Amino acid sequence: MMIVVESLPGDFWSGRGRTESMFITDFDGTLRLPDGGYDQADIAALEELGRAGVVRVIATGRSLWSFQRSVGRELPIDFLVFASGAGVVRPDGWQPVRRASLEPEEVAAAAEALHALEMDYMIQRPIPDEHHFVFRRIREENPDFTRRVDYYRKFARPLEVAPADFGPAAQLLAIAPPADGVAVVEELRVRLPGLNVIRTTSPLDNSSLWVEIFPGGVSKGRTTAWLAERLGVGREATAFVGNDFNDLDILDWAGTGFVVANAPDELKSRFRSLTSGNGGGVAEAVQRWRSQPEGR
């Protein structure tokens, strides 16, 4: 694993933790509506947090390019944790301040494991070019895999070299039909003990299972914990709201964890469940968090 923290002016971090609290939200399925818009109550809640001096963070699985193509550029936030924790930016310049990548030997090991399990997969270039990728198709039928390749057709190329010769990568992404996915995730975790294997639901068809492979120290939770430490924010003074299995580690890490009403039942049974779904859930989480007796 390679992690690079950019050389920044000495005052970059000073004053960013204006209070000792931080609110983090997932993006797709939590803050962003299916039609690409936002609930105005959620935006108002984020704006109010800013006036109160709370550090506001979005933690998303999207690449920076994909997030910027959405109207995410306009959101009232202080930091963006993107690519499931592989990168961190501030929206005032959109230049990564922290980026992580898999080493070439880790890329080769992950590709070998995916190939052995007959998984269709993609290898994504290091940040800030993680929206560029090469792909290897093994299964004849995998509509969600085809859909993602088509969506990124300007940036996607077939894998024409041995994975060991690809070089460093931000991540590998495999796509499996729903019935195959969970067992594959567990098998990959056994085969790749030094890497972080994350399960999430496809944002394209909302049913296929995406398996993301990152360096061992990279995830939404671990990267957000690093950011909180740099800002002087204690874990107990953080809150997170999410909606899917790729939010598990940050839900476990945050001082207060919420899941929206449209989250899987397995998550709602483990964490504070909101009455609001994708639209209004962030505002409800903010209100409940700030009304806690222990404060923010």
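Just the heavy atoms: all of them, side chains too, but no hydrogens, waters or symmetry mates, feed the values below. Small disclaimer: the values here were computed from a predicted structure and weren't measured.
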So, Asp150 and Arg147, do they make that salt bridge, N to O below 4.0 Å?
-> no
Do the side chains of Val57 and Val88 join up, straight or via other hydrophobic residues, at under 4.5 Å, putting them in one cluster?
-> yes
Counting N and O atoms only, with roles assigned by atom type, does the side chain of Thr238 sit under 3.5 Å from a partner on the main chain of Gly255, one being a donor and the other an acceptor?
-> yes
Does Asn278 reach the main-chain N or O of Asn262 with its side chain, forming a donor-acceptor pair under 3.5 Å?
-> no
Derivation and outcome, side chain to side chain contact (heavy atoms under 4.5 Å, CB included), residues Leu267 and Asp247 | CA-CA 9 Å; Leu267 297 184; Asp247 297 322; 5.7 Å; no
Quick one: side-chain contact (heavy atoms from CB on, under 4.5 Å) partners of Ser276, sequence neighbours excluded?
-> Glu284
To the nearest 0.5 Å, atom CD1 of Ile127 lies from atom OG of Ser101 at 8.0 Å
May I ask you to establish whether Arg148 and Phe133 are in a cation-pi arrangement, using a distance under 6.0 Å from NZ or CZ to the six-membered ring centre and at most 45° from the ring axis?
-> yes
Cluster link Phe27 to Trp210, ILVMFWY, side chain under 4.5 Å | no
Cluster check Ile24, Val55: I/L/V/M/F/W/Y, side chain < 4.5 angstrom = yes
Cluster partners of Val4, using ILVMFWY side-chain heavy atoms under 4.5 angstrom, listed by chain and number?
-> Met2
Applying salt bridge (charged side-chain N to carboxylate O under 4.0 Å, His left out), which residue pairs with at least one partner in residues 93-119 are found, sequence neighbours left out?
-> Glu6-Arg99
Using the test side-chain hydrogen bond (donor to acceptor under 3.5 Å, both in side chains), find all partners of Glu48 that sit at least two apart in sequence or belong to another chain.
-> Arg51
Output the rest of the hydrophobic cluster of Val190: all Ile, Leu, Val, Met, Phe, Trp and Tyr residues reachable through side-chain heavy-atom contacts under 4.5 Å, sorted by chain and number.
-> none
Nearest 0.5 Å please: distance from the CG atom of Leu31 over to the CG atom of Asp42.
-> 6.0 Å
Salt bridge present between Lys220 and Asp249 (N-O < 4.0 angstrom) = no
Identify whether Val185 and Ile175 are in the same connected component of the hydrophobic contact network (ILVMFWY, side-chain heavy atoms under 4.5 Å).
-> no
Should the pair Trp65 and Phe155 be assigned to parallel (<30°), tilted (30 to 60°) or perpendicular (>60°) ring geometry?
-> perpendicular
Hey, does the Lys NZ or Arg CZ of Arg199 hover above the aromatic six-ring of Phe245, less than 6.0 Å from the centre and inside 45° of the axis?
-> yes
Enumerate the residue pairs fulfilling side-chain hydrogen bond (donor to acceptor under 3.5 Å, both in side chains) with a member in residues 151-179, sequence neighbours excluded, ordered by first and then second residue.
-> Arg69-Tyr151, Gln171-Glu212
Given the rule in the side chain to side chain contact (heavy atoms under 4.5 Å, CB included) test, do Leu274 and Arg288 qualify, once you have shown the distances and angles that lead to the verdict?
-> CA-CA 9 Å; Leu274 301 168; Arg288 286 177 56 178; 3.6 Å; yes
NZ/NE/NH1/NH2 to OD/OE distance under 4.0 Å, Asp120 and Arg137 = no
Within-4.5 Å side-chain heavy-atom neighbours: Arg191 and Val197 | no
Does Leu75 belong to the same Ile/Leu/Val/Met/Phe/Trp/Tyr cluster as Val241, with side-chain heavy atoms less than 4.5 Å apart forming each link?
-> yes
Which word best sums up how the rings of Trp289 and Phe23 line up, parallel for under 30°, tilted for 30 to 60°, or perpendicular for over 60°?
-> tilted
